Protein chains: 4
Amino acid sequence: MRATFQKESVSEELALEMLEAAIGKARELGKAFAIAVVDESGVLKSFIRMDGAPLISVQVAIDKAYTAAGYGLPTHRWYELLMEDRPLAMGAHAINRLIVFGGGYPISVGGRIVGGVGVSGGNAEEDMKVAEAALEVLDKSDTSRGDRERAQEHT
Amino acid sequence: MRATFQKESVSEELALEMLEAAIGKARELGKAFAIAVVDESGVLKSFIRMDGAPLISVQVAIDKAYTAAGYGLPTHRWYELLMEDRPLAMGAHAINRLIVFGGGYPISVGGRIVGGVGVSGGNAEEDMKVAEAALEVLDKSDTSRGDRERAQEHT
Amino acid sequence: MRATFQKESVSEELALEMLEAAIGKARELGKAFAIAVVDESGVLKSFIRMDGAPLISVQVAIDKAYTAAGYGLPTHRWYELLMEDRPLAMGAHAINRLIVFGGGYPISVGGRIVGGVGVSGGNAEEDMKVAEAALEVLDKSDTSRGDRERAQEHT
Amino acid sequence: MRATFQKESVSEELALEMLEAAIGKARELGKAFAIAVVDESGVLKSFIRMDGAPLISVQVAIDKAYTAAGYGLPTHRWYELLMEDRPLAMGAHAINRLIVFGGGYPISVGGRIVGGVGVSGGNAEEDMKVAEAALEVLDKSDTSRGDRERAQEHT
């Protein structure tokens with residue numbers, strides 16, 4: 001019997017650097033956003049509400065991150081799914097905390113969902129740009145293959 | 001005056017065997033699902049989240065089972081009902097925990113609803129197949145007529 | 001930057017075997033219990049409500065498992081903590097889902113909390129015996145050192 | 001008629017620096033904590049859950065910050081209040097999200113409550129030390145007199 005299985009979970013360092021990168025992009029856009037990172041189990045990992053970001057954005061950013069981690073899909077992809085599947089469209093409101101417009105992305109490392117990032121405060125396009133800036137931290141640090149895989153290469 | 005009436009309720013044995021049968025079908029399909037059984041009162045009876053099943057599936061599987069037991073209809077039949085009844089379609093979101101896409105079935109023994117089974121983790125078709133595999137336990141054990149009826153035949 | 005860190009999480013196999021072992025002990029005691037396993041993030045992993053277990057036990061068993069996984073302590077140890085720490089005792093009711101009487105234990109593999117098991121339906125002593133029977137599955141399968149550590153020994 | 005009044009609210013910069021300072025102290029202590037900052041309205045401003053911090057700490061840290069900002073008192077001072085006021089002690093559980101053990105402090109600038117910081121993960125003494133480290137950011141940046149007051153000096 002296999003008693004346990006392994007999960008990879010977004011680190012505090014990555015979670016904080018993602019906030020910083022998102023804030024950088026937000027300043028370029030000249031708007032204030034709420035930015036949330038959740039772990040692979042949907043639990044809040046890091047968060048910032050920029051000065052002046054809309055109040056409603058606080059919940060929406062967190063739930064976008066939750067939605068993205070909770071099913072492994074960007075939130076805007078959910079909208080496309082609903083367009084193709086009318087029963088799902090009729091019933092999606094019954095799925096707790098599901099946000100189906102842009103601004104949430106899964107955080108994927110080495111092919112595994114290790115968390116989610118959600119952004120709210122602008123229109124969907126702006127929210128997506130800010131979230132994408134957060135995800136670029138992963139590429140820059142060349143950690144997209146995951147610690148375990150790298151560890152194996154070194155043995 | 002009749003002081004009480006009887007309910008038939010899904011047993012712990014059936015509830016556990018339904019999980020096992022559903023897991024068997026899930027492995028055939030090569031995906032991980034959350035699988036829930038509730039009793040005739042909508043109370044959780046048995047549950048398993050397979051390793052790696054999406055986080056969101058936990059709530060959805062339980063609520064599909066609840067919906068199915070709660071009105072005696074498979075969840076995909078609710079969608080058909082909503083299509084035929086516009087007031088119901090407009091208002092269904094006000095019914096707590098109602099899931100109207102496939103993957104939930106009432107558990108019916110001897111013509112009575114004794115519980116519900118709900119599955120989430122794949123697309124609607126896959127969820128339905130896994131839930132149907134759970135229901136097949138009933139046929140195999142020849143209990144579909146209900147214990148009380150069989151007992152009557154033997155007297 | 002370390003992008004992720006690893007978690008070990010209770011497997012579906014262990015979670016189901018723990019239910020079976022707990023049911024075995026429950027039958028010895030001649031009572032019906034609700035038995036819940038949650039993962040390392042407090043998400044429901046497996047569950048059974050034995051036939052006739054009190055309705056209230058459903059929530060209590062799940063929250064005992066959550067409490068145990070959520071802080072890494074058996075629920076009866078929380079009572080001892082509260083006895084030593086009056087401010088905590090005054091305020092513990094504000095901690096969501098915290099159960100401070102016996103029947104919940106962390107599931108520990110290789111020194112890590114990989115989940116929690118919670119039992120409700122009898123008195124605290126009975127609940128604890130049933131939960132302990134579930135934990136004994138770990139010892140029997142000699143997996144208490146964790147998969148990763150065993151893997152290392154074999155390399 | 002005075003149509004509006006002004007609030008001072010913790011800035012995103014201060015809120016992020018407080019997280020960093022708290023993490024620094026946490027590493028000294030060798031433990032993992034959840035650390036939350038809320039604004040003067042109790043709304044989440046910044047948050048980090050350090051790798052391995054107990055699950056239960058997520059809610060408790062946020063609610064400690066909320067409690068501190070919500071009445072302008074450190075959370076451990078609430079316990080002293082309750083000890084002196086029996087009706088309050090009997091009824092405090094009815095106050096939503098009130099945490100009455102140590103680890104939450106108001107953030108005070110120029111004599112005004114501009115937010116709250118809450119820490120959870122260790123014992124009360126450790127939580128308090130980490131929260132106090134976050135508050136020291138204020139002293140270092142010489143902003144304790146408030147921006148408006150300094151602005152007045154410069155005119």
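Since we're looking at a predicted model, the values are computed, not measured. Proteins come first, then strands; the chains are lettered A, B, ... in the order of their sequence lines, and each starts at number 1.
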Taking distance alone, no hydrogens or angles, what donor-acceptor pairs closer than 3.5 Å link side-chain atoms of residues 122-129 of chain C to residues at least two apart or in another chain?
| unit_1 | atom_1 | unit_2 | atom_2 | d |
| --- | --- | --- | --- | --- |
| Asn123(C) | OD1 | Glu125(C) | N | 3.2 |
| Asn123(C) | OD1 | Glu126(C) | N | 2.8 |
| Glu126(C) | OE1 | Lys31(C) | NZ | 2.9 |
| Glu126(C) | OE1 | Asn123(C) | N | 2.9 |
| Glu126(C) | OE2 | Lys31(C) | NZ | 3.4 |
| Asp127(C) | OD1 | Gly121(C) | N | 3.3 |
| Asp127(C) | OD1 | Gly122(C) | N | 2.9 |
| Asp127(C) | OD2 | Lys64(C) | NZ | 3.0 |

With a 3.5 Å distance limit and no angle check, can you tell me whether Thr4(C) reaches the backbone of Glu8(A) through a side-chain donor-acceptor pair?
no
Counting only N and O atoms by type, is there a donor-acceptor contact under 3.5 Å from the side chain of Ser11(C) to the main-chain atoms of Arg2(A)?
yes
For Glu40(A), which atoms come within 4.5 Å of any heavy atom of chain C: side chain, backbone, both, or neither?
side chain
Measure across Leu14(A) and Ala3(C) and return the closest heavy-atom pair with its distance rounded to 0.1 Å.
CD2-O, 3.3 Å
Tell me, for Val114(A) versus chain C, whether the close heavy atoms (under 4.5 Å) come from the side chain, the backbone, both or neither.
side chain
